[in-house]
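Taking it in order: structure first as C-alpha cells, then the write-up.
First listed ligand is number 1; within each ligand, the first listed atom is number 1. Treat the numbers as computed from the prediction; the structure is a model and nothing was measured.
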Amino acid sequence: MTEKQPIFILPENTERTMGKDAQRNNILAAKLVADAVKTTLGPKGMDKMLVDAIGDITVTNDGVTILDEMQIEHPAAKMMVEIAKTQESEVGDGTTTAVMLAGKLLENAEKLLDMKIHPTVITKGYNLASEKAKQFLKELSVETTPDKEDVLKYIAMTAMTGKGAESVKEKFSEIIVESIKQVQENGNVSLDNIKIIKNKSNGVENTELIKGIVIDKERVSIDMPQKVQSAKIALISDALELKNPEAEAKISVTNPEQLQDFINREEDTLKKIVEKVKSSGANVIFCQKGIDDVVQYYLAKENIYACRRVAKSDIESLARATSGKIISNLNELNERELGRAQIVEEIKQGEESMTYVSGCENPKALTILIHGGSEHIIDEMERALKDGLGDVASVIKNKRIVAGAGAIEIELSKMLRQFANTLSGREQLAVQEFASALEFVPSTLAENAGLDPIDVLTGLKSRHDNGEKYAGINILKNKIENSLEEGIIEPMKIKMQAISSATEVAVMILRIDDVLASKSGGSPTGTGMGYPGMD
Ligand code: ADP
Ligand code: MG
C-alpha cells in the first residue's frame, strides 16, 4: 500500500469554513449588524456618531447611513447591508426594520438548527411564511386616495418622528406633501424632480419650498441685473462662444487693417449671438457651457441675466419647472421655447450666492431649500426629509397604508401563528419563528423608549386578541392606542419590501454551508469588527 498524498484543489491561501461553523459564523455576523442598528429604531431611537478615516463626523439615526459608513467587511454582514440599500432604493424608508427583521429571522433559525431541523426545512417554512405575511399585509392594509392630504401629512410625520427634524416635522410634512402633489404625474412621482438644496445660514424653521429651481450659480457679471421680474428664460445646452476656440488655426495677415477686420468679424459673430437671444424676448439665460466675455458684456448691456456652466441636471430641472425647452442651436430660439418664472434673482445667503428661479406656474420640478446652523444638522434634516418624501411618494403610487407603532407587526404575527397551526410537519415551527421575529419590532420600539418590552408585548397581544387590529404602542404617549386614529401610519410598501428582503437574505445566509475565501480578496474574518469564532 502506498501512502496517500493529500490533494489540494484550492490555492494555498484560501480560507475555508464549512458546515455548522460556516452557518453559525454567518448568523452571528448578521446578528451583529442587526444589533448595530437596533437602538436607532423608532421615535425614541438613539443616534450614532460615525467618524470616518479622515475624521469627518456623521451623526445619524438612519439605518442605511450607519451601515454604509461602518465599512463592514464580513461577507454575510455585507449581505445584510445590501438589503438596507435595496430597501432604501426601493422605498426610501424602513431600513432599520428590514435589517432587524433579517437578524431576528436568523437568530430564531439558530434555535431550530439547535433542534436538528435541517436548513432546507427552515428556509421552506420562512418562504412560506413570507408569502403568507405579504398576503395578510395586503388584507390588513387600508386604502387611501392621493387627495386625502391629512393622511399624507401623517405618513410624512410618522416617517420623521424621532429624526433630527422632530421639532419642525409639521412644517416639513406640509412641504413634503405640497411638493409631491405638485410634481406627481398620474400617480407617478419621480423624486429626482424634487431638488434638495442645503444652506448653512439661519435656523431649520426657515426651510422653504420654492416653486422653481435654486441653483448654486451666480450671474456671470455684476453688471447684469441682480433680479429679473416676469422672467423669460432661455435654456441653452451649447456654448455661447465662437466655435472651436481650442482648435489651432493659422491666420496670415499682411497689414494692421486685416487684423482689425478679423477681430471685428469675430466681435460681430458674438454680437449676433446676443441679438438672437434678445430678439427671442429672453431676459434670462442658463447656459450649460461657457459664455464668452464679449457675449457677457453685451448681455449685461441688454439687461439680460445669465449663468454659465449650469449642470445638465439643473438645466433639465429648469426645463420641467419653467416649462421651457432646452435649445442646442441658437437659431431655434424663439419666444415659444422660453421658460417662465415670476422672479429670477441672485440671493446671497451665508457665504454663497445662488440663483433662485421662483414663482413658476405649475412647475413639474421644484426645490426644497433646507436651512440650518451646521452641516451635521442639515444633513440629518435631509435624511429625515427624504424618508418623508419616499413614504408619501409610495402612498401616492400604491394608495395603501398600514397602522404603525408595531400594530401591523403584532397583527401579522397573530395571523401567521394561526396559519402555522394549519400546517403539519416541521415547517410549522419555522412559520412560528417567523411570526415571533415580527414581534421584535414593537418590542424594540418599547425597549428603545425605556419601556418594558415584555409588558408592552403582552399588552399589545391581548388587545389584538380582543379584535383591536390597529392597536400599537404610541411611544410619544407611552400608551397602547389605535395607531390609525392616532395618525401613526406607514405605507404598506415599506413593510412589504422589508418582509421580502429580510426573508431573502435570511434564506440566502441559511443555505450557505461552505465559505471559501481567498485571502487576497479581502479577509472573511472581518478585521473591522472582530467577529468571535472567525479566526
Ligand atoms: P426604519 O429605518 O425602519 O424606518 P425608524 O427609526 O424610522 O426605522 O422607525 C420606524 C418605526 O417607528 C416604525 O415601526 C413606526 O411605526 C414607528 N413609529 C413611528 N412613530 C411612532 C410613534 N409615535 N409611536 C410608536 N412607534 C412609532
Ligand atoms: Mg423610518
**Message:** Closer than 4.0 Å to some heavy atom of Ile488 - which atoms of ligand 1 meet that?
**Reply:** 20 (N), 21 (C), 22 (C), 23 (N), 24 (N)
**Asked** Purely on distance, is any nitrogen or oxygen of Gly94 under 3.5 Å from one on ligand 1?
**Response** yes
**Prompt:** Should the pair Glu316-Arg320 be classified as a salt bridge under the 4.0 Å nitrogen-to-oxygen rule?
**Reply:** no
**Message:** For atom 18 (N) of ligand 1, what is the closest protein heavy atom, and at what distance to 0.1 Å?
**Reply:** Pro43 CD, 3.8 Å
**Prompt:** Salt bridge check: are Lys493 and Asp93 linked by an N-O gap of less than 4.0 Å?
**Reply:** no
**Request:** Identify whether the distance between the nearest side-chain nitrogen and carboxylate oxygen of Glu205 and Lys171 falls below 4.0 Å.
**Result:** no
**Prompt:** Which is closest to atom 19 (C) of ligand 1 in terms of heavy atoms, Asp93, Leu476, Thr158?
**Reply:** Thr158
**Request:** Please could you name the atoms of ligand 1 that Thr40 approaches to less than 4.0 Å, counting only its heavy atoms?
**Result:** 6 (O)
**Asked** Does a side-chain N-to-carboxylate-O contact under 4.0 Å join Lys200 and Glu352?
**Response** no
**Request:** Using a strict 4.0 Å threshold on nitrogen-to-oxygen distance, state whether Glu439 and Arg417 make a salt bridge.
**Result:** yes
**Request:** Output the list of atoms in ligand 1 that are nearer than 4.0 Å to some heavy atom of Gly404, sorted by atom number.
**Result:** 16 (O)
**Asked** Okay, side chain of Ser394, backbone of Pro491: is any donor-acceptor separation there less than 3.5 Å?
**Response** no
**Prompt:** Is any NZ, NE, NH1 or NH2 atom of the basic residue among Glu411 and Lys469 found under 4.0 Å from an Asp or Glu carboxylate oxygen of the other?
**Reply:** no
**Message:** Taking 4.0 angstrom as the limit and counting only heavy atoms of Glu490, give me the atoms of ligand 1 inside it, by number and element.
**Reply:** 13 (C), 14 (O), 15 (C), 16 (O)
**Prompt:** Do any N/O/S atoms of Asp387 come under 2.8 Å of the Mg ion (ligand 2)?
**Reply:** no
**Request:** Measure from atom 8 (O) of ligand 1 to every heavy atom in Ile475, Leu41, Ile408, Asn478 and give the option owning the shortest one.
**Result:** Leu41
**Message:** If the cut-off is 4.0 Å to any non-hydrogen atom of Asn474, which atoms of ligand 1 fall inside it?
**Reply:** 23 (N), 24 (N)
**Prompt:** If you count the atoms of ligand 1 from 1 in the order shown, which ones are under 4.0 Å from a heavy atom of Thr95?
**Reply:** 1 (P), 2 (O), 3 (O)
**Message:** Check Glu88 with Lys85, please: is the shortest side-chain N to carboxylate O separation under 4.0 Å?
**Reply:** no
**Request:** Below 4.0 angstrom from a heavy atom of Thr97, which ligand 1 atoms are there? Numbered from 1 as shown, please.
**Result:** 1 (P), 3 (O)
**Prompt:** Looking at Lys181 and Asp147, does any basic side-chain N land under 4.0 Å from a carboxylate oxygen?
**Reply:** no
**Request:** Using a 4.0 Å heavy-atom threshold (strictly under), name the region of Leu445 that reaches ligand 1: side chain, backbone, both or neither.
**Result:** side chain
**Request:** Classify the contact between Lys495 and ligand 1 as side chain, backbone, both or neither, using a heavy-atom distance cut-off of under 4.0 Å.
**Result:** side chain
**Complete:** If we number the atoms of ligand 1 from 1 as shown, the ones under 4.0 Å from a heavy atom of Thr96 are 1 (P), 2 (O), 3 (O), 8 (O)
**Prompt:** the Mg ion (ligand 2) is nearest to which N, O or S atom of Asp93?
**Reply:** OD1
